[in-house]
Each structure stands twice: as C-alpha cells, then as structure tokens.
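A quick write-up on the structure given underneath.
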There are 2 protein chains.
Amino acid sequence: MATLDDIAKMAGVSATTVSRVINNYGSLSEKTKTKVFAAMKELNYQPNSLARSLKGKKTQLIGIILPGVGNPFFGQMVQEIEDQLFKKGFRIILCNAGNDAEKERAYLRMLMANRVDGIIAGSHNLNIEEYQKVGLPIISFDRYLSENIPIVSSDNYHGGQLAALSLLAAGSKKLQIITGANRPNSPTNNRLSGFQEVLNRQNLDFKLLEIPFSSSPNIKGLKIKELLAKRDADGIFCTDDLTALLVMQQAKELDIKIPEDLKLIGYDGTNFIQNYHPELTTIMQPISDIVTMMIDLLLKRIDDPDCKLESNYTLPVKLITGATTI
Amino acid sequence: MATLDDIAKMAGVSATTVSRVINNYGSLSEKTKTKVFAAMKELNYQPNSLARSLKGKKTQLIGIILPGVGNPFFGQMVQEIEDQLFKKGFRIILCNAGNDAEKERAYLRMLMANRVDGIIAGSHNLNIEEYQKVGLPIISFDRYLSENIPIVSSDNYHGGQLAALSLLAAGSKKLQIITGANRPNSPTNNRLSGFQEVLNRQNLDFKLLEIPFSSSPNIKGLKIKELLAKRDADGIFCTDDLTALLVMQQAKELDIKIPEDLKLIGYDGTNFIQNYHPELTTIMQPISDIVTMMIDLLLKRIDDPDCKLESNYTLPVKLITGATTI
DNA sequence: TTTGTTTTGTCAAACGTTTGACAATTATAA
DNA sequence: TTATAATTGTCAAACGTTTGACAAAACAAA
C-alpha cells in the first residue's frame, strides 16, 4: 500500500508538504495541493490511520457492546447507531456479548487495546468495578453500570403504566404480565413497577409469569401455552414484542381469539413489528432518539472527558394501538 | 493508559523483556514472566494494537459490508460472523451500506485506512473496478464482485426448484412468484430461474410480480393487496420470507385463507422465522455454514494472499415445510 | 532595489510497539 | 573449576504518520 513518501515522490514534494495537504495545515499553494491530490488519487492512497492515531489523533472508532444483533430490537438499534455515527465520521466495532461475561470482558480489553474513542454499552454481565477500570468514555443503554456512566433509556415506568391502562381500557379484568426473570438493575423491572402502580391504585390484582431472558423461544412458547391453557387471563402484557408474538401463536393453537377472548400488548415497537405485525398493540421505544442522545453524550465525553453529565436521560415512550386491544 | 515502559519499570525489567513476555519470544524464566504478568494486571495494561499493527502485526480486524442489520436475515448473519470470528480472535467493523454506493465507497476507503486484515462483503452497489483496487482479501456473499473474489452462496437455483415443486405438490395450479426487481447479478435471479425451470419442464405457466428491493413494506403491501384482490393465484413463492409475511397479512385482510385458498412459500428460513412463524413453509439458507465457509476462505487468503480459490462455493438449501403449503 | 509575505523544504522528535544484534549476567553441568 | 547454556539487558532501527522549528526559495509590492 502506498505511503506518504510514495505520494511525496510522485508529486515531487516533501513528505511534510503532503502531510500538510492532508491535514490542511500551514500555508499551501493551489498548485501543490492539486499535484498532491492527483498523486493520492493515482495511487489510491489512504493515510494509515494506525500511524495517525498512534501520533495522537483519534481513532474514530466506537465500540458497541450489545446482547446481540439477531434480535430485531438491537438490530434496529445498531443500524441506527451505525447510521448516525457514520455521518459524523465514526466507524463501529460490533461486540455481541450475549450473556457471556467472559466474552464481554474480552471485548472490553480489546476495545481498550484498539484505542477506541468511546463505547456504547447495552449489555451488562460484568460488575461495576470492571467498567470503571476501562477509563474510556462510556454511555450505557438502559442499565446501571457504574458511577459517572450516564444511562440513556426510555421511560420504562411510564410504559408499564400505559400498558396497564390500555388493557383496562380495552375491558380486561384478569390481568397477566409476562416478563423476563427479574434481575437487579434490569429495565424490565420498571415496566413491571409502572404496571403494578396503576393496578394498585385501582385495587386490582394481576398474575406474574417470569421467564428467563435466555430461554429459547420453544421453551418460552411451552410456558406460555401452559399459562394460556388455564384460561384465567383476559389481558396480557408482555414486556417485549417477541414474547407477545409467541402469545399470539399459542393462542391460535388453543383457539383463543385475540382480541375477543384475550387482549394483548407488547413492548418495544420496532420498525419490524410495526411493519410486519401492525395488529399488535405495543409500547414504542424511541430508538432513534435514544441513539441520538447516546451519541450526543458520548461525543461530548470524548471531547471533554471530564464534562459533567446527568446520570439519567429518560425519553418518552408512545402507545401504538393495534387490533389486539380493541 | 499504561505503556510497555510503565510495565517495565514496575516489574523492574527492560522494555524488551516485557515485549518478549507478551510475544512469547526468546527465552524467559518463569520468575520474570510472573513479575511482568503481575505488573500488567496491576496496571490493567493492554498493548496498544495501533503500535503493534504499525510494526507489522495483523490488526485482527475484519470489515463486514452488508445492506443492513435491521433485516433479520443479515442480523442473523452478522451475529454468526461475529460469533465465529470472535472465537478466532478477530473483531469486526460493521458497515451497513444500504443501497448507497457513496457510503459503500467511503467504507471501503475507511477499511483500507484502518488496515483491516480482510473484508466480507454482501452488499454491492459498486462496480468491479472499485473492488479490485482495494487490494485486500475479500470474500463475497452471494454476488459477483470481481475477478478473483470468491463468492459463497446457497444454492439459489435449487431453492427455486424446491419452491416450485412444493407448491405443485400442495396442489397449486395457478402459480405466482413475487421477487425483488431483477437486477443483474442478483441472487434472486437464480431463484427465479430454478422456479421457472421446473414449470417449463412441465409446460406450466406462472405470473411474475417484481417489487424493487428498496420499496417500503407499506408499498410492498399495497402491491401485494392489488395482486391478491384479483384472486387468480392459488400458489405464491416469495423470494424472501418478509415478503411472505406481507402476503399473509394481506391475505388475512382480504379473507383469503392460507393454505385452503392459497399456498405460500418463502425464502431464507432465518431462526427468527422458524421461531416466530413456524407456520410458513420456506427454503432455508444454511447461514451458519455459509459463514463458516466465508471465514475459512477469508483466513486462507489472509494467510496467503496469492492462494488459489474457487470462484464459487455453493451450499445446499433445505425445504422447511410449514402449514402454508399443506 | 529592498522589504515583506507566502510557499516549500529540511530535519528531527514523537507516538508505542517489535525485533534483531550483541553483550553481560546468572545458572547448570561436567 | 571451567565450559556451556539460559536468561536478561542495552541499543537501535523500523512501522507511517504529525508537528514544530527553522531556513531557503519564490513571489509581490513599495
């Protein structure tokens, strides 16, 4: 691959001049500039960003740590992150951590080794200490990581409230919530709390089914089938849309009619769900705004590592009413 | 961040020795090794990979260029790529090119600048020349890029045949295919050809509806509705599963019963579809095998840039029969 | 012409590693 | 004890840039 020196020789100038052209530094005549640009084009030259970064420039790389991009929610989020960061001249290193703490740790090390400018993290199998040691600007999605790492999330509590209210409004009496197993610091806890609060206020009761996040869809489906077979719920809130799809699937098998026999509401409201399952009522997280906010904060931190940021940024959710709660 | 010298000082050895420990080069006593490792741990040291790569080591970075990770197919593929590459010690830079040639070009330049070890590309808005100029090991998914860039794909032709055969076996007489607009070099062309071949052989006719890839789901839905409203097809092959979902959606609206009035078969067979729409008959691409193959070839090329590879590697597809063709 | 300004060049240090040559020290075996 | 091998150290060059100091050259204006 061509180097600075190759360009310098070809353009008949010094290496310093070429560097000046690239960095637009010092004073340069139009003539030299065109000569240099011509040589760069001719040799298809790309400045070695390793060398540049070593010399102190930013790498323009951001690490993205998420549970996994196979899930439409995180898929859309990554797409959005990529899109917005690209426009600002950054590239992303994608890290699917799943729920593998060892992998997440390894990635954290690698991101340090690669001298990324910052990290957006939405998957957290590690303890606080490990995140504190990283020493890079980090923004967290939806989970507490450590002192001084801002959390951006949507209003999970209000989302839970909305879900309860819309099931009640649709006439449900016997409410059921299906959620991931209650881990500390999990955002789904707040969805549950919001839901709970509405019902408590009206002196109403509800049933709770917890299914571990890591369960396969088949397992989840089975547990849901068991639940539905009892036929003692007429309104279900799933704390994510995919689980709601499983409910629809199982309900069909058991010949339970939605919305006639059962009202259903999900959570997330990805483009995918809106396009391919518009019938599902859901609480939409404003993914695009969340991403904009995270990037905004991250770039601020990159610019000034000591800048003070809030510890929480909560964005509003929106109820999207479909046919499952009519 | 700690550097080699910091470690050397802390461990009371020379920088060279530390480097030797890290690279396991030269002869070293256990005692020194433990001292050095202790210092590394103490300071949470990560060798600066910029400096290492600059000095000639590989970057262990692979560029992934795809249309976009919001789509479940590519989502799963990226996840698989990430997973397999991680195990081999590589990290990925994710590039969603969409159908934006300018963006793809910019990414290609950036990947060169970052000195990635290789590229996996599955999105191709650019002409051959531009890919040839890159001068890095590249493997292509499912599309012709340029001389000497191997293509890994599933057996699209056979997939098309399978689709036709299973619609016929299910008793369909009036066949319809819905596919992305026919671009040259697109793999969906082969799916069409396989489909066609089966019907030709039996002297049967079929209708063709082309909808540009870039159309929004709403637009696609409208065109499908129009089509279904004519009610002159009783078997439809969609060259991707998402379009098949739209057909199901529109059919429901028009009160066309699947599979009673209409047989339906999709294409791709992602985990997502298998988990959340098991009723859909589809042709499954072996994503995991495709990825394994691509990575295998890519690493070969990285190891030996001049190694001879086939120009095509075709992996078998599998019919997954659901309720939509019974 | 002189003076001043703009452009370009030379040189060198720095970023954090790796690696080779070579020497010095220590440990082990005969 | 000496000979040999293993270990560690010093030194320096290299990777491809950026950036500053400084000087030389080119050009313009007075």
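Because only heavy atoms are used, hydrogens play no part in the values below, and waters and symmetry mates are left out as well, while side chains stay in. Within every chain, numbering begins at 1; the chains are lettered A, B, ... in the order of the sequence lines, protein sequences first and strands thereafter.
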A correct 5'-to-3' footprint of nucleotides 24-30 of chain C, with B, S and - meaning base, sugar-phosphate only and no protein heavy atom under 4.0 Å, is -------
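Counting only N and O atoms by type, the side chains of A:Glu80 and A:Gln76 include no donor and acceptor under 3.5 Å apart. For the residue pair B:Asn114 / A:Asn48, no side-chain donor-acceptor distance below 3.5 Å is found, with atom types taken as modelled. Side chains of B:Gln84 and B:Thr292: a donor-acceptor N/O pair is present below 3.5 angstrom, by distance only. Counting only N and O atoms by type, the side chains of B:Glu104 and B:Tyr131 include a donor and acceptor under 3.5 Å apart.
Whole-Å rounding puts the A:Leu28 CG to C:dT5 P distance at 19 Å. For the pair A:Arg20 CZ and D:dT19 P, the computed distance is 11 Å after rounding to whole Å. Between A:Asn23 atom CG and D:dG16 atom P there is a gap of 17 Å when expressed in whole angstrom units.
Atom NZ of A:Lys58 has 12 or fewer neighbouring heavy atoms from other residues, nucleotides or ligands inside a 6.0 Å radius.
The stretch residues 32-60 of chain B touches DNA chain D through B:Thr32, B:Leu54, B:Lys55, each having a heavy atom within less than 4.0 Å of the strand. Within residues 2-15 of chain A, the residues having any heavy atom under 4.0 Å from DNA chain D are, by residue number, A:Thr3, A:Leu4.
Nearest heavy atom pair, residue B:Asn96 against residue B:Gly68, reads OD1-CA, 3.5 Å. Here the closest non-hydrogen pair linking A:Leu43 and A:Ala2 is CB-CB, 4.0 Å.
Distance from the side chain of A:Thr16 is smallest for D:dG20 among the nucleotides D:dG20, C:dT8, D:dG9. Among C:dT7, C:dG9, D:dT19, the nucleotide with an atom closest to any side-chain atom of A:Ser27 is C:dT7.
For D:dG9, the OP1/OP2 oxygens have a side-chain nitrogen or oxygen of B:Thr17 closer than 4.0 Å. The phosphate of D:dT7 has neither OP1 nor OP2 within less than 4.0 Å of any side-chain N or O from B:Ser29.
Between the axis at the start and the axis at the end of the helix from C:dT1-D:dA30 to C:dA30-D:dT1 there is an angle of 30°, using five pairs per end and rounding to 10 degrees.
Every residue two or more places apart in sequence or in another chain that forms a side-chain hydrogen bond (donor to acceptor under 3.5 Å, both in side chains) with A:Ser29 is listed here: A:Thr32. Checked against side-chain hydrogen bond (donor to acceptor under 3.5 Å, both in side chains), A:Arg115 has no partners two or more places apart in sequence or in another chain.
Note: B:Phe86 and A:Tyr107 have tilted aromatic rings, judged against thresholds of 30 and 60 degrees for the angle between ring planes.
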Worksheet entry | Full working for side-chain contact (heavy atoms from CB on, under 4.5 Å) between B:Ile22 and B:Leu4 | CA-CA 10 Å; B:Ile22 292 170; B:Leu4 242 199; 4.1 Å; yes
Evaluation steps, side-chain contact (heavy atoms from CB on, under 4.5 Å), between A:Ile151 and A:Arg143: CA-CA 6 Å; A:Ile151 304 169; A:Arg143 219 159 299 195; 5.9 Å; no
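Ring to ring, B:Phe272 and B:Phe73 are not that close: their centroids are 6.0 angstrom or more apart.
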